[in-house]
Amino acid sequence: MAGGQGSRLGHEGPKGTFDFGLKSHKTIFEVLCDNLKEAHRKYNVYVPWYIMTSKQNHEDTVKFFEEKNYFNYPKEDIKFFQQGEL
C-alpha cells in the first residue's frame, strides 16, 4: 500500500488512517488488515504487509500502528519503508 497524505480525502494525516464512513468506523489500514487476517485463517500463513510511507508521514504511520497494537497482526510481518524523493 502506498502511504500518502489523506488531504484529497479531506483528512489530516496519512490516508491509511482515514475513517471512510463504515458503521464500524474502521480505517483503511484496519480494513486491509482484516483481509490479511482472513487470508491467515483460510491458508494458515501470514502474508507480509509492506506499507510505503513518505518523509512527511512515516513517523505518524508507525505511531498509528503502535497505538492500534498493529491491529493484532504480527508486527514482524508488517514492514514500513519510505518512498524515495527526487
Side-chain angles (χ1 to χ4, degrees):
M1 175 179 179
Q5 288 298 104
S7 54
R8 286 183 286 187
L9 299 169
H11 175 67
E12 290 187 28
K15 75 177 143 200
T17 66
F18 179 65
D19 171 347
F20 55 103
L22 299 176
K23 288 182 183 181
S24 64
H25 294 285
K26 290 182 176 183
T27 64
I28 293 171
F29 282 139
E30 190 169 2
V31 170
L32 291 171
C33 192
D34 286 347
N35 291 331
L36 293 172
K37 289 190 283 191
E38 180 61 28
H40 171 70
R41 284 189 285 278
K42 278 181 156 177
Y43 307 112
N44 198 32
V45 65
Y46 283 106
V47 177
W49 188 7
Y50 291 87
I51 301 169
M52 183 171 65
T53 64
S54 68
K55 181 179 178 181
Q56 292 78 19
N57 68 23
H58 182 82
E59 289 180 23
D60 290 338
T61 302
V62 173
K63 182 179 175 185
F64 182 77
F65 272 78
E66 290 169 350
E67 290 171 353
K68 301 295 183 179
N69 194 34
Y70 297 86
F71 304 106
N72 296 314
Y73 201 73
K75 179 181 175 180
E76 61 273 9
D77 289 312
I78 301 174
K79 311 292 185 207
F80 301 96
F81 66 100
Q82 288 185 41
Q83 63 189 359
E85 294 183 0
L86 292 177

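The first residue in the sequence is number 1, and the count goes up from there.
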**Q** Classify the ring geometry of Tyr46 against Tyr73: parallel below 30°, tilted from 30° to 60°, perpendicular beyond 60°.
**A**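 Perpendicular.
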**Q** If the threshold is 4.0 Å, N to carboxylate O, is there a salt bridge linking Glu66 and Lys63?
**A**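 No, Glu66 and Lys63 are not salt-bridged.
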**Q** Tell me, yes or no, whether the heavy-atom count around Glu59 atom CD, taken from other residues, nucleotides or ligands under 6.0 Å, exceeds 12.
**A**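 For Glu59, atom CD is not crowded (no more than 12 foreign heavy atoms under 6.0 Å).
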**Q** So, the side chain of Lys37 versus the backbone of Phe71: is there a donor-acceptor pair under 3.5 Å, distance only?
**A**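 Such a contact is found between Lys37 side chain and Phe71 backbone.
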**Q** If you take all heavy atoms of Phe80 and His58, which pair is closest and at what distance?
**A**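 Here Phe80 and His58 meet closest at CB-CE1, 3.7 Å.
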**Q** With a 4.5 Å limit on heavy-atom distance, are the side chains of Leu36 and Leu32 in contact?
**A**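 The answer is no, as the side chains (C-beta and beyond) never meet within the 4.5 Å cut-off.
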**Q** What do you reckon, is NZ of Lys79 surrounded by more than 12 foreign heavy atoms closer than 6.0 Å?
**A**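 Result for NZ/Lys79: enclosed.
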**Q** Kindly give the heavy-atom pair with the smallest separation between Thr17 and Thr27, and that separation in Å.
**A**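 Closest approach of Thr17 to Thr27, heavy atoms only: O-CG2, 3.3 Å.
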**Q** Testing the basics here: between Ser54 and Gln83, what is the closest heavy-atom pair and its distance to 0.1 Å?
**A**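 Heavy atoms of Ser54 and Gln83 come nearest at CB-NE2, 3.5 Å.
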**Q** Looking only at atom types and distance, does a side-chain atom of Asp60 sit under 3.5 Å from a main-chain N or O of Asn57, one as donor and one as acceptor?
**A**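 Checking the backbone N and O of Asn57 against the side chain of Asp60, no donor-acceptor pair under 3.5 Å is found.
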**Q** Assign the ring pair Phe29 / Trp49 to parallel, tilted or perpendicular, where the plane angle (0 to 90°) is split at 30° and 60°.
**A**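 The rings of Phe29 and Trp49 stand perpendicular, inter-plane angle above 60°.
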**Q** Considering all heavy atoms of both residues, which atom of Lys26 and which atom of Asp34 are nearest to each other, and what is their separation?
**A**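 Here Lys26 and Asp34 meet closest at NZ-OD2, 2.5 Å.
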**Q** Identify which one of Lys55, Met52, Gln56 satisfies the side chain to side chain contact (heavy atoms under 4.5 Å, CB included) criterion when paired with Gln82.
**A**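 Running side chain to side chain contact (heavy atoms under 4.5 Å, CB included) over Lys55, Met52, Gln56 with Gln82 returns exactly one hit, Lys55.
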**Q** Between Leu22 and Val31, is there a side-chain heavy-atom distance shorter than 4.5 Å?
**A**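 In contact.
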**Q** Measure the spacing between CD of Glu30 and OG of Ser24 and express it to the nearest 0.5 Å.
**A**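 Going from the CD atom of Glu30 to the OG atom of Ser24 covers 6.5 Å.
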